[in-house]
Amino acid sequence: MFALIAAFAATSYIFSVLFYSFFIVCAFDKPIIRQLFAHSLRNYLFIIEVTSSMVTEFSLQIIFINLVWIKIVGFLGGFNYTLAWLFYFADILNFGGLAILFFEMLKDKSVADEAIQSLDNNSKPMASIIRLEDLKKLINPVWTPANIKVHSNITYATNEEIREALDTTNQDFDQPRKMMLDIFSQESPSVNGAGLRPVLVHIHGGAWRMGSKDTFYPFQKVMIAENNWITVNIGYRLAPKNAYPIHLMDVKRAIRWLKQNIASFGGDPNFIVLSGDSAGAHLASMASMTVNNPQFQPGFEDVDTSVHGVVCLSGALDQINEPHNAVFFCKKVANMDKVDMDFLNQHSPLALVPKTKNPVPFLLVAGERDSLTESKISKAMKVAFDKATAPNSTCTLVLLPAGHHVSYISWSPRSLYVSRVIQTWCTQLYNKNK
């Protein structure tokens, strides 16, 4: 019996070492890895990139978990097997790789400080995250301040829209559940007109086909706890059951609801900023660039859906210039039979920038190691914005040298630095519009 337990421990340890070794190598984004998954194994790129992102952001936690795991394996006799013992030495290299990934995150502080200084000349460099005040965030990636109140699962659709959602999906009752939003605020938000607070609305990512509104992001926690903003997470219906642009219409339906109701929760309906990650950044951008367009506001054509700014995190902002993006968006998201370039030109934010009258300010945050929505997309968006809004650009680009696709979902040094940039950008935008 003890031999069986020892064998199981040894086998599990070997597989864990192989798992971490592979994704640590991927996290360093060597050209050979990117080329491999960008072409012949592209179907697995999403899994590879997201897992590499999480290994990077959780590198410190993984180090401590792995130390405990090694003690357990040793206690169970797993290292009595030669192969497990040999893999232990390989695991030492894993520890080194994880340590490097962690210290690379610490270096992003200088990038964030530079961005914050460009936004606010009176700002001071951020304090190090390696201090008692922020230790809880390093230990617990989902740490949440105690003074936050949540209003969950509020339906933003009308009865007619819910009925249509059911009728078009063979009475799939999961569809109306996606047409909901969550509101986060401090425990006692003001509900009178004199004290209404600015509103930050987040649209989740997931390649327009997956994901949910249920993630409470670090930058939202910062904005609520330190700036008393109201933040909102919105859900929307997904492909393939719902062909795009239903996603965009749902986002606008949520904005409609917020314009009409957010004051009851202490939010200012006249100051709404959108944020989004990945596909959510695409939808946030599209919502800002198609303001009051009746084509995407069926049944509420006269409702004002304008916003004051957009925060794009690893944004999927270009559906045209990469063939695989064009094919995926047309066939897998819009449920088309073929690639339609006219359609893509109407729904690619990068292509819409020159056509948009008075585009709202944008904050673009991108990781240089992101192999899903590569940083060159955000760089191109910045160039297009600078040209369209010259001589005073209304677009800010922040590039994270070692950042991956997902570097903002849970607490880490990098997510804290990004939160501080978003905090400063939103605060400056609000002050300019008071």
Side-chain angles (χ1 to χ4, degrees), residues 156-158 161 179 181 196 198-204 208 229-237 244-263 267-277 279-313 315-319 334 342-364 381-382 384-390 392-396 425-426 429-430 432-434:
Y156 60 74
T158 64
E161 290 165 351
M179 303 167 76
L181 54 80
L196 297 179
V199 181
L200 179 62
V201 181
H202 189 75
I203 307 167
H204 69 81
W208 304 274
W229 277 47
I230 306 297
T231 73
V232 181
N233 283 355
I234 65 173
Y236 54 90
R237 287 171 289 170
Y244 179 90
I246 282 179
H247 312 59
L248 177 57
M249 295 176 186
D250 281 354
V251 168
K252 286 177 171 285
R253 290 180 176 112
I255 295 173
R256 172 195 62 190
W257 188 94
L258 291 169
K259 293 272 187 175
Q260 297 170 350
N261 298 281
I262 195 60
D268 184 355
N270 296 313
F271 193 87
I272 294 176
V273 174
L274 300 181
S275 67
D277 57 285
H282 166 268
L283 295 173
S285 302
M286 288 299 304
S288 76
M289 294 176 176
T290 59
V291 168
N292 302 334
N293 187 331
Q295 179 183 356
F296 308 116
Q297 298 183 192
F300 58 106
E301 293 85 355
D302 296 332
V303 174
D304 176 27
T305 56
S306 62
V307 297
H308 278 77
V310 177
V311 178
C312 293
L313 303 168
L317 306 175
D318 179 15
Q319 279 61 57
D342 289 336
F343 177 82
L344 291 175
N345 272 294
Q346 295 172 21
H347 295 280
S348 177
L350 180 58
L352 284 180
V353 172
K355 307 172 188 176
T356 303
K357 183 179 180 181
N358 299 322
V360 298
F362 267 58
L363 171 63
L364 308 173
M381 190 76 169
K382 167 67 171 169
F385 244 95
D386 288 350
K387 185 176 180 180
T389 59
N392 299 312
S393 176
T394 58
C395 180
T396 301
W425 185 86
C426 287
L429 180 65
Y430 180 57
K432 289 178 183 178
N433 285 272
K434 277 185 176 180

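None of the values given here were measured: they were computed from a predicted structure.
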Exercise for the section: With the side chain counted from C-beta on, respond yes when Val251 and His247 share a heavy-atom pair under 4.5 Å apart, and no when they do not. Expected result: no
Handout entry: Any Val360 side-chain heavy atom under 4.5 Å of Leu274 side chain
Key = no
Handout entry: Gly235 versus Tyr156, closest heavy-atom pair with distance
Key = O-OH, 2.7 Å
Practice task
Look up atom CG in Leu248 and atom CG in Asn293, then write down how far apart they are to the nearest 0.5 Å.
Solution key: 8.5 Å
Handout entry: Over 12 non-hydrogen atoms of neighbours within 6.0 angstrom of NZ in Lys387
Key = no
Practice task
Return the set of residues passing salt bridge (Lys or Arg N to Asp or Glu O under 4.0 Å) with Asp250 (not counting sequence neighbours), or none when no residue passes.
Solution key: Arg237, Arg253
Exercise for the section: Output yes when a side-chain donor or acceptor of Lys259 lies under 3.5 Å from a complementary backbone atom of Thr305, and no otherwise. Expected result: no
Problem - Side chain proximity check, Pro198 to Val273, heavy atoms < 4.5 angstrom - result: no
Practice task
Report the C-alpha separation of His204 and Tyr236 in whole Å, then their side-chain angles, then the decisive distance to 0.1 Å, and conclude whether the ring-ring contact (aromatic ring centres under 6.0 Å, His included) test is met.
Solution key: CA-CA 9 Å; His204 69 81; Tyr236 54 90; 4.4 Å; yes
Handout entry: Thr389 side chain reached by Pro359 side chain, heavy atoms, under 4.5 Å
Key = yes
Exercise for the section: Evaluate the side-chain proximity of Ser275 to Leu200: yes if any heavy-atom separation is below 4.5 Å, no if none is. Expected result: yes
Practice task
Mind checking the CG-OG1 spacing from Asn392 to Thr394? Nearest 0.5 Å is all I need.
Solution key: 9.0 Å
Fill in the blank from the handout: When rounded to the nearest 0.5 Å, the distance separating CZ of Phe296 from CD of Gln346 is 7.0 Å
Practice task
Kindly give the heavy-atom pair with the smallest separation between Val303 and Arg256, and that separation in Å.
Solution key: CG1-CG, 3.8 Å
Handout entry: Atom pair NE2/OG of His282 and Ser348 - distance to nearest 0.5 Å
Key = 6.5 Å
Handout entry: Stepwise side-chain contact (heavy atoms from CB on, under 4.5 Å) test for Leu363 and Leu429
Key = CA-CA 11 Å; Leu363 171 63; Leu429 180 65; over 6 Å; no
Practice task
Side-chain contact test, heavy atoms from C-beta onward, threshold under 4.5 Å: evaluate it for Asn292 versus Asp304 and give yes or no.
Solution key: yes
Practice task
Check ring pair (Phe, Tyr, Trp, His ring centres under 6.0 Å) between Phe300 and all other residues, then give those that pass, not counting sequence neighbours.
Solution key: none
Problem - Any Pro298 side-chain heavy atom under 4.5 Å of Glu161 side chain - result: no
Exercise for the section: Tell me yes or no: between the side chains of His202 and Asp277, is some donor less than 3.5 Å from an acceptor? Expected result: yes
Without placing hydrogens or testing angles, list every side-chain donor-acceptor pair under 3.5 Å for residues 284-291, not counting sequence neighbours.
residue : atom : partner : partner atom : Å
Ser285  : OG   : Ala281  : O            : 2.8
Ser288  : OG   : Ser285  : O            : 2.8
Thr290  : OG1  : Lys252  : NZ           : 3.3
Thr290  : OG1  : Met286  : O            : 2.7

Exercise for the section: Let me see the working for Trp208 and Leu283 under side-chain contact (heavy atoms from CB on, under 4.5 Å), right down to the final yes or no. Expected result: CA-CA 9 Å; Trp208 304 274; Leu283 295 173; 4.2 Å; yes
Handout entry: Note, Ile255 side chain near Val201 side chain (heavy atom, < 4.5 Å)
Key = no
Fill in the blank from the handout: Heavy-atom closest pair (Leu350 atom, Ala384 atom, distance to 0.1 Å) is CD1-CB, 3.9 Å
